[in-house]
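A, B, ... follow the sequence lines: proteins, then strands. Residue 1 opens every chain.
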There are 2 protein chains.
Amino acid sequence: MTNIKDIARLAGVSVSTVSRVLNNYKHVARDKRESVLRVIEEMNYTPNKNAIDLIRGETRTIGVILPYNNNPAFDQILNGILNKALEHDFSITVLPSIYSKEKEVEYLKKLKSKLYDGIIITSRANDWETIIPYTGYGSIVSCEYTQHKEIGCSYMDRYSSYLDAFQLLKNKGHYAVAFTTARIESNSTKQMIGAYKEVFGEFQPKYHISGCLCLEDGYKAAEHFLHLPERPTAVYANGDEVAGGIYLYAKSQQLKIPADLAIIGQENQPIGIGMGITTVDHQLTKIGEQAFSLVIKKSREKVKIPYHIVERDSV
Amino acid sequence: MTNIKDIARLAGVSVSTVSRVLNNYKHVARDKRESVLRVIEEMNYTPNKNAIDLIRGETRTIGVILPYNNNPAFDQILNGILNKALEHDFSITVLPSIYSKEKEVEYLKKLKSKLYDGIIITSRANDWETIIPYTGYGSIVSCEYTQHKEIGCSYMDRYSSYLDAFQLLKNKGHYAVAFTTARIESNSTKQMIGAYKEVFGEFQPKYHISGCLCLEDGYKAAEHFLHLPERPTAVYANGDEVAGGIYLYAKSQQLKIPADLAIIGQENQPIGIGMGITTVDHQLTKIGEQAFSLVIKKSREKVKIPYHIVERDSV
DNA sequence: GTGAAAGCGCTAACAT
DNA sequence: ATGTTAGCGCTTTCAC
């Protein structure tokens with residue numbers, strides 16, 4: 001492994017001169033610069049980035065905590081982050097958490113250990129109280145709103161989006177409305193139930209199924225909903241793939257969409273376009289892009305991204 | 001920033017002792033170990049990972065070169081890689097290339113600069129000749145077959161899968177068959193055309209559209225195909241989302257699937273399940289998992305992953 | 001079992 | 001304009 005010392009020796013200059021040409025400093029004599037450049041070329045030399053990161057104390061790398069690594073919603077956020085990272089010449093390291101508190105803390109420790117300049121939390125298992133101390137070691141941005149002033153947020157107003165979706169259903173005359181969520185313990189679920197109550201007055205647990213991530217989960221959820229004595233006339237799915245599964249099961253039961261069952265999905269994914277499913281687009285790619293911008297600016301702003309409903313034929 | 005020296009001083013031991021407890025060495029007196037641990041706790045100390053990586057010459061990080069960061073096929077590969085990385089406690093850094101030769105070389109240089117222990121190339125713009133020299137700096141694994149012995153491969157037999165797909169169509173009586181690909185200059189496209197010729201004898205350029213990545217691209221491709229004087233009776237799409245777009249356009253023209261137009265997609269994505277599209281599943285998640293295993297073993301094996309066709313209602 | 005000291009490869013302050 | 005040198009924070013001989 002050839003290092004900066006070797007280059008200096010071979011070029012007949014000091015290491016600082018080599019360092020200067022490496023970093024495009026002005027005050028280097030043309031001939032020395034050229035000779036250094038030639039030796040670098042000859043020796044096929046590349047500086048050790050770890051040494052540089054050690055000295056500079058920064059890595060131009062951002063860690064992104066993702067609960068699932070095969071989920072289309074989080075892929076959209078990641079996509080937005082990568083778009084911007086490419087633009088700004090930053091690297092992105094993906095940190096899969098599977099909602100494990102320990103994993104999350106492990107990743108935050110990596111921020112502390114100077115591996116990343118900042119971290120984007122797309123979703124989290126830990127309390128903010130355990131996360132916030134790590135803001136001392138790098139910028140931390142969340143894709144979910146929090147009032148904590150130490151945390152930058154690129155988020156959208158979930159509650160309000162849920163309200164809109166349920167209201168849309170109610171306006172169409174639906175009162176027996178079911179819905180699915182991903183994690184029973186999540187904020188989203190809480191907000192969803194809250195919005196449900198606000199729109200429909202009361203919430204019946206039988207109309208809610210949690211643990212829905214993919215098409216198959218939606219299929220099973222529909223199986224449950226549609227065999228209820230008072231079967232729902234509409235369902236709001238937490239994702240278009242889940243919605244697709246619901247659609248499929250409903251069809252398998254000879255139900256007409258939307259006449260017999262209305263369906264709304266989320267995130268405006270290809271499957272929703274393909275199947276004609278009405279969806280609320282949370283603009284996750286934009287959320288990712290904005291999150292990246294905040295994290296490299298070390299900004300603690302709270303930026304709200306607007307969502308919008310895309311009406312198709314399933315409602 | 002408190003460092004190992006501070007801990008040593010405060011614990012009344014030498015830095016080497018601190019290092020020993022940090023790395024769980026045996027020969028450390030119980031009391032010294034405890035005192036060190038206590039000071040570490042008190043000072044809330046975390047070792048600087050860059051310094052460690054510098055010394056060790058390894059980072060337990062793998063770089064993954066991806067041409068697109070919003071493509072479901074590459075997301076599947078990445079998914080597989082992340083699964084295994086989590087299992088083996090490695091980090092994954094995503095390297096978006098948009099098929100730029102310069103970007104790719106930039107990433108390979110990062111391997112050389114010791115940022116990654118290895119690199120997985122999911123798809124590439126550069127010739128192997130320019131890539132291979134970098135195998136001197138870390139293990140390089142490809143998700144596409146190459147005979148070069150320096151490169152480990154986790155791949156599937158594309159040619160044979162194309163053959164199967166076309167043959168399936170031919171067996172169903174289709175002779176005017178169109179197809180889409182992503183990049184005109186790619187190996188996949190070449191192999192697709194080769195397979196086409198092998199099955200159907202001759203290849204007519206009007207039956208091929210390149211540059212297809214998403215649903216909308218498929219929609220436009222179908223628009224082209226279906227307005228041809230001799231319109232195709234079947235189309236093989238390079239992805240289920242593209243297939244979905246084709247499906248949608250065909251439907252918009254009152255065509256029946258598969259009676260008027262047969263459609264095969266690729267990668268067994270949710271949209272294909274939702275829309276009932278026959279697909280050839282290249283098992284990209286498994287390819288990603290295997291690629292990861294090879295790269296951390298620094299193996300140069302060529303591992304072929306079997307594909308399989310999932311028949312649904314579009315053929 | 002423990003510590004002193006030599007590096008890992010680089011940057012930057014300081015001197016010239 | 002250029003070189004010397006002191007670090008960055010850690011690991012790892014080597015000696016005791």
Side-chain angles (χ1 to χ4, degrees), chain A residues 1-40 43-61 109-117 137-138, chain B residues 1-37 39-40 43-61 109-117 136-138:
Chain A
M1 201 70 283
T2 133
N3 61 26
I4 200 174
K5 235 172 170 170
D6 298 329
I7 303 299
R9 188 168 29 78
L10 293 170
V13 301
S14 73
V15 290
S16 20
T17 298
V18 177
S19 177
R20 286 188 189 102
V21 347
L22 247 19
N23 294 286
N24 291 313
Y25 274 52
K26 339 119 220 292
H27 305 302
V28 179
R30 177 185 287 278
D31 58 331
K32 302 226 175 197
R33 156 166 279 128
E34 279 168 3
S35 122
V36 166
L37 253 17
R38 200 181 48 249
V39 175
I40 285 178
M43 299 303 292
N44 187 22
Y45 165 76
T46 302
N48 183 311
K49 193 61 168 40
N50 289 317
I52 297 174
D53 290 347
L54 170 59
I55 278 210
R56 292 216 212 281
E58 57 173 59
T59 58
R60 291 188 77 79
T61 299
K109 285 215 173 115
K110 286 189 174 188
L111 176 67
K112 193 176 167 196
S113 77
K114 311 247 76 182
L115 271 187
Y116 316 128
D117 295 347
Y137 310 108
Chain B
M1 200 72 284
T2 134
N3 60 25
I4 198 174
K5 232 170 169 172
D6 298 331
I7 304 297
R9 188 169 30 78
L10 293 170
V13 301
S14 72
V15 291
S16 19
T17 296
V18 177
S19 177
R20 286 187 189 102
V21 345
L22 246 19
N23 294 284
N24 290 314
Y25 273 50
K26 354 150 195 273
H27 304 302
V28 179
R30 175 185 288 278
D31 58 330
K32 302 224 174 199
R33 154 165 281 128
E34 279 168 2
S35 121
V36 166
L37 253 18
V39 174
I40 286 179
M43 300 302 294
N44 188 20
Y45 165 75
T46 302
N48 183 313
K49 193 59 167 42
N50 289 316
I52 297 175
D53 289 347
L54 170 59
I55 279 214
R56 291 216 214 280
E58 57 173 59
T59 59
R60 290 188 80 81
T61 298
K109 284 215 174 114
K110 287 191 174 188
L111 176 67
K112 194 177 166 195
S113 77
K114 312 244 78 181
L115 271 187
Y116 316 129
D117 294 347
Y137 309 108

Looking only at side-chain N and O atoms, does [X] come under 4.0 Å of OP1 or OP2 in [N]?
X: B:Asn23; N: D:dT11; value: yes
X: A:Tyr25; N: C:dA12; value: yes
X: B:Tyr45; N: D:dC10; value: yes

Determine whether a donor-acceptor pair (N or O, by modelled atom type, separation under 3.5 Å) exists between the side chain of [X] and the backbone of [Y].
X: B:Asn48; Y: B:Asn50; value: yes
X: A:Thr59; Y: A:Asp53; value: no
X: A:Asn3; Y: A:Lys5; value: yes

For [X] and [N], give me the distance from atom [atom1] to atom [atom2], rounded to whole Å.
X: A:Leu115; N: D:dG9; atom1: CG; atom2: P; result: 15 Å
X: B:Asp53; N: D:dC10; atom1: CG; atom2: P; result: 12 Å
X: B:Arg56; N: D:dG9; atom1: CZ; atom2: P; result: 17 Å
X: B:His27; N: D:dT12; atom1: NE2; atom2: P; result: 15 Å
X: A:Arg20; N: D:dT2; atom1: CZ; atom2: C1'; result: 6 Å
X: A:Leu54; N: D:dC8; atom1: CG; atom2: C1'; result: 4 Å
X: B:Glu58; N: D:dC10; atom1: CD; atom2: C1'; result: 15 Å
X: B:Asn50; N: D:dT11; atom1: CG; atom2: P; result: 13 Å

Any base atoms under 4.0 Å from A:Ile52, or only sugar-phosphate, or nothing? Heavy atoms, all strands.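 Answer is sugar-phosphate: A:Ile52 comes under 4.0 Å of backbone atoms only.
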Under a 4.5 Å cut-off applied to non-hydrogen side-chain atoms, are [X] and [Y] in contact?
X: B:Lys49; Y: A:Tyr116; result: no
X: A:Thr17; Y: A:Val28; result: yes
X: B:Val36; Y: B:Tyr45; result: no
X: A:Leu10; Y: A:Met43; result: yes

Near DNA chain D, which residues from residues 29-40 of chain A have a heavy atom under 4.0 Å away?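 Within this stretch, A:Ala29, A:Lys32 sit under 4.0 Å of the strand.
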Interface with DNA chain D, restricted to residues 1-18 of chain B and to heavy atoms under 4.0 Å: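 Within residues 1-18 of chain B, the residues near DNA chain D are B:Asn3, B:Ile4, B:Ser16.
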Report the distance from atom CD of B:Glu58 to atom CD1 of B:Ile52, rounding to the nearest 0.5 Å.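 Answer rounded to 0.5 Å: 11.5 Å.
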Do we see a donor-acceptor contact under 3.5 Å between the side chains of A:Lys112 and B:Thr46?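 Yes, a side-chain donor-acceptor pair sits under 3.5 Å.
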Which nucleotide in C:dC10, D:dG9, C:dT11 has an atom nearest any side-chain atom of A:Ser19: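 Closest nucleotide among those given: C:dT11.
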